Every structure is written in C-alpha cells, then in structure tokens.
Amino acid sequence: MAAFSERVPQTTEWTKHPALDMTLDIVSRTTHRVFVGLPLCRDPDYQAMNKKFATEISRAASLVRLFPAPLKWFIGRPFVNVPAALKGCMDHLRPTVEDRRSNINKHGVQYADKPQDLLSWFIDEVDGETNEEILKHIAFHLLIVNFGAVYTTSMSFTQALYHLAAHPEFVDDLRDEIEAVTTNEGWSKASMGELRKLDSFLKESQRINGLGAIASYRRVLKPFMFSDGTCVPAGTTIGVATWSTHLDDSIYVNAHIFDAFRYVGRRSQMVTPSTDFLAFGLGRNVCPGRFFSVVILKAMMSHVLMNYDVKLEEDGVRPKGSWFVTERIPNGTANVLFRRRV
C-alpha cells in the first residue's frame, strides 16, 4: 500500500505520527485511487482540497442541525465554501476528463485500457447540455462521494488504530488470521471477507467509539404515531439512538468494555445491519457505501498489522475523544508510534 508506506516509512526506531492527520492523508489517497485513479489521486493539492471539503462539510452539517430552516444557509456557509470547492474540483478533474473523453471519441466507449474507476462511470453516465456542465455535475457528485467515504472512514480507522495500540494482546491472533487467509486466498475483496477476527475487532471499535450518538436522521413529513402511542408531528427531525444502544448492558455483556473478538462465531459481520448494531443505519436507507468502507478499513488495518508494530505515547492509555454536538470525534492531537514489525 504505497500511500501508507510513503506517509509512514518503516523505520527500526519508534517514530511518532499524528494519528488523525495521518489517517486522513492515507484514506483520502487510497479511496481516490478507486475514484479517479493515477496520477490524480497522488496530487497533493487535489488531496488537500478533498480532505478540507470532507472535514468542513461534516462539521457544518452537525452545526446547522441546531438551527431552524431559515437560518441554516447563513450558519453553514461560513464553515464550507461549496462554490469554491466545486470550482477547485473541476479544475483538477478537467485534464483527466478531457483526456478520457478524447479516447472515447477516438476509440469508442469501451476503449482499450479504459480506467475502471468511479470517474469513468461518471463520464459514461452523467448528463448535461455542455461539456462544462457535465464536468460540473461530475465534480459535484465526486465531492459528495468523497465526503461520505473519506471523512467517515478516517474517523473509524483512527478510533480502531487507537484501540489496536492500546490492546497489543490482540495483535498475534489478528496477524495469524491475516497470514492464514492471505496465504490461501491472496489479497482480494473476497479474502477480506474471510477475516472474521479483524471484522470483529473493527466492529467492536465502531460499537464503542462510533461516529456519533444518533444515526439515520429523518424528517417527519406527516404526523406519525409509533406502536407505543408516541406521536411525532410533521417537520420533526428524528434519529436512531446509536450511542445508547451500543453501550446498553441489557444488549451487550459488559457493554463498556472493549472485547475485540466479541462477534467471532456470530453470523453477522460488520456490514450486516441489525437493531443492536446501528453504525450504518437500518432498513431500506442503510448506508450503501458500507461494503466499500469496511474493505478499506480491513485492508489498511491488515497492512498495519503485517508491516508495523504500534504503540501509544503512554502505554495502554487510549487518547480521549471529544463531542461536537452529536458527533463523536477521535482525539485529533494524539500521536501513535510506529516502527517496522519486529
């Protein structure tokens, strides 16, 4: 994984790295390798723009929920400049889009060596009156997908990395599983699905330190009465109480204790929504990107486990996170120490 190796060189001595900033860099570059391909995914300016937009729009979204509809635009706009982000994204994409469009005009839609990434799909499917309008639509959709993939995956991986560094007792079992599976099946999406202990580790991290206290926000369009008689009027915003569910001792034994292999042997994996695991929502509106996100998390954590030793600055003391309204944020200043695996 080039993004990880360049950001975190394998040294023989312990080296500090700011966990959240490091993770944002690696997740952004890794996901955009799938979104736009080489060489754009490695462009520092392009990556900085995407990280900035993903972070700012998440904070703005959490803040504007506190205000009535007439004030949302005025409150949110100072925190994220969408027109500027859109223009910046268009400027970065334009040479690549024009080059691929030229190949389509010369050789047909399915030309030889056509990149198989999200940008190619957008070029094939997005409509518009002019090429510039099409480019604008592509950039807009890419920014939205970027927010959904980069920010949430980075928060989740940082939390999991803190858990890994705080609990070295789980490392050997995780490494043994990764080695056994990849030796037999190689490194693939299918083999990621066979990493049951790693899946449980990541799922438990998400249960203990998920993305927030509430998930699946919905606006009530007409008065609705629940089976217990609770009535919510039209215009009300409701959500699922993720945090309290995940830490409920009547649902989970020792709910406040991190048990890395809690889910091993159970049928449901991290991508499986249920009434007691709500990290990705529930029902028909469950997060459609959860499969991609979990594969990225497993691939990155596997790379860390097989190539590095990790620890915290203060052994066993996991850095404390913080809250922004209902959003759970991992510690943004803590370092994780890395060295080449011994």
Side-chain angles (χ1 to χ4, degrees), residues 1 4 8 19-20 22-23 26-27 30 152-183 185 187-211 242-243 245-247 251-274 276-280 287 290-312 315-319 321 328 330-331 334 336-338 341:
M1 187 177 285
F4 223 116
V8 187
L20 183 55
M22 174 202 73
T23 300
I26 296 169
V27 169
T30 302
T152 55
T153 305
S154 296
M155 299 300 108
S156 298
F157 185 81
T158 303
Q159 298 283 23
L161 184 61
Y162 288 151
H163 280 299
L164 182 70
H167 294 281
E169 67 271 20
F170 299 122
V171 168
D172 287 343
D173 283 342
L174 291 169
R175 283 174 172 167
D176 289 345
E177 177 186 62
I178 294 166
E179 186 170 0
V181 169
T182 56
T183 297
E185 302 186 28
W187 292 91
S188 65
K189 179 183 175 182
S191 65
M192 292 296 102
E194 295 302 315
L195 298 175
R196 301 305 174 91
K197 289 183 179 179
L198 181 57
D199 187 277
S200 177
F201 180 94
L202 293 168
K203 185 174 181 178
E204 180 72 347
S205 174
Q206 193 72 184
R207 182 187 71 82
I208 291 281
N209 286 285
L211 295 173
T242 307
W243 184 258
T245 299
H246 288 174
L247 297 179
I251 299 174
Y252 290 97
V253 177
N254 297 321
H256 289 76
I257 295 176
F258 180 81
D259 180 359
F261 303 141
R262 182 185 295 273
Y263 299 98
V264 174
R266 301 188 186 185
R267 295 180 61 185
S268 62
Q269 294 198 29
M270 188 175 179
V271 295
T272 307
S274 66
D276 57 10
F277 185 73
L278 302 163
F280 295 112
C287 175
R290 66 192 187 279
F291 301 98
F292 176 75
S293 179
V294 170
V295 168
I296 293 291
L297 290 172
K298 287 183 177 180
M300 288 179 58
M301 191 58 76
S302 295
H303 183 80
V304 170
L305 283 159
M306 302 308 288
N307 292 280
Y308 299 92
D309 292 326
V310 297
K311 69 176 184 177
L312 297 168
D315 285 343
V317 181
R318 192 180 184 282
R328 181 68 167 167
N331 190 301
V336 172
L337 281 69
F338 288 80
R341 178 182 172 186

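If you're wondering where the values come from, they're calculated on a predicted model, not measured in any experiment.
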Show me the donor-acceptor pairs, under 3.5 Å and distance only, between side chains in residues 255-262 and residues at least two apart or in other chains.
{"from": "R262", "atom 1": "NE", "to": "E204", "atom 2": "OE1", "distance (Å)": "3.1"}
{"from": "R262", "atom 1": "NE", "to": "E204", "atom 2": "OE2", "distance (Å)": "3.0"}
{"from": "R262", "atom 1": "NH1", "to": "V253", "atom 2": "O", "distance (Å)": "2.8"}
{"from": "R262", "atom 1": "NH2", "to": "E204", "atom 2": "OE2", "distance (Å)": "3.3"}
{"from": "R262", "atom 1": "NH2", "to": "V253", "atom 2": "O", "distance (Å)": "3.4"}
{"from": "R262", "atom 1": "NH2", "to": "N254", "atom 2": "O", "distance (Å)": "3.3"}
{"from": "R262", "atom 1": "NH2", "to": "I257", "atom 2": "O", "distance (Å)": "3.1"}

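Under the rule for a side-chain hydrogen bond (donor to acceptor under 3.5 Å, both in side chains), the partners of T153 that lie at least two apart in sequence or sit in another chain are S293. With sequence neighbours left out, T30 forms a side chain to side chain contact (heavy atoms under 4.5 Å, CB included) with M1, A3, I26, I296. R341 is linked by a side-chain hydrogen bond (donor to acceptor under 3.5 Å, both in side chains) to nothing, counting only residues two or more places apart in sequence or in another chain. For the side-chain hydrogen bond (donor to acceptor under 3.5 Å, both in side chains) test, residues two or more places apart in sequence or in another chain that qualify with N307 are H303.
The neighbour count for E185 CD, taken as heavy atoms of other residues, nucleotides or ligands under 6.0 Å away, is above 12.
Counting heavy atoms from C-beta outward, F277 and Q206 have side chains that approach closer than 4.5 Å. Side-chain contact between L312 and L337 is absent, with no heavy-atom pair separated by less than 4.5 Å.
Within the model, atoms CZ of F157 and OG1 of T152 stand 14.0 Å from one another, a figure rounded to the nearest 0.5 Å. Rounding to the nearest 0.5 angstrom, the gap separating the NZ atom in K203 from the OG1 atom in T272 is 6.5 Å. Atom NZ of K197 is separated from atom CG of D173 by 4.0 Å, given to the nearest 0.5 angstrom. Atom CE of residue M300 and atom OG of residue S302 lie 11.0 Å apart, to the nearest 0.5 angstrom. If you take CZ on F201 and CG on L195, they are separated by 13.0 Å, rounding to the nearest 0.5 Å. Atom-to-atom distance recorded for M192:CE and I178:CD1 is 7.5 Å, nearest 0.5 angstrom.
Closest non-hydrogen pair, F4 versus Y308, comes out as O-OH, 3.7 Å. Between P319 and N331 the shortest heavy-atom distance is CB-CB, 3.7 Å. Between T242 and A279, the closest heavy-atom pair is CG2-N, 4.5 Å. Across all non-hydrogen atoms, the minimal contact from H246 to L278 is NE2-N, 2.9 Å. Considering every non-hydrogen atom in both S191 and V181, the closest pair reads O-CG1, 3.5 Å. Considering every non-hydrogen atom in both M270 and F280, the closest pair reads O-CE1, 3.5 Å.
Without hydrogens or angle criteria, R207 side chain to D276 main chain gives no donor-acceptor distance under 3.5 Å. A donor-acceptor pair under 3.5 Å is formed between the side chain of T158 and the backbone N or O of S154.
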Output, in order, the C-alpha distance, side-chain angles, deciding distance and verdict of side-chain contact (heavy atoms from CB on, under 4.5 Å) for Q269 and V294.
CA-CA 10 Å; Q269 294 198 29; V294 170; over 6 Å; no
Check step by step if side-chain contact (heavy atoms from CB on, under 4.5 Å) holds for H163 and N209.
CA-CA 10 Å; H163 280 299; N209 286 285; 3.1 Å; yes
When you look at L305 and L164, which way does the side-chain contact (heavy atoms from CB on, under 4.5 Å) test go after all the steps?
CA-CA 9 Å; L305 283 159; L164 182 70; 3.7 Å; yes
Passes side-chain contact (heavy atoms from CB on, under 4.5 Å), L161 versus M22? Steps please.
CA-CA 11 Å; L161 184 61; M22 174 202 73; 3.7 Å; yes
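Within the structure, the salt bridge (charged side-chain N to carboxylate O under 4.0 Å, His left out) test picks out the following pairs touching residues 290-312 (sequence neighbours left out): R175-D309, D199-K298, D309-R339.
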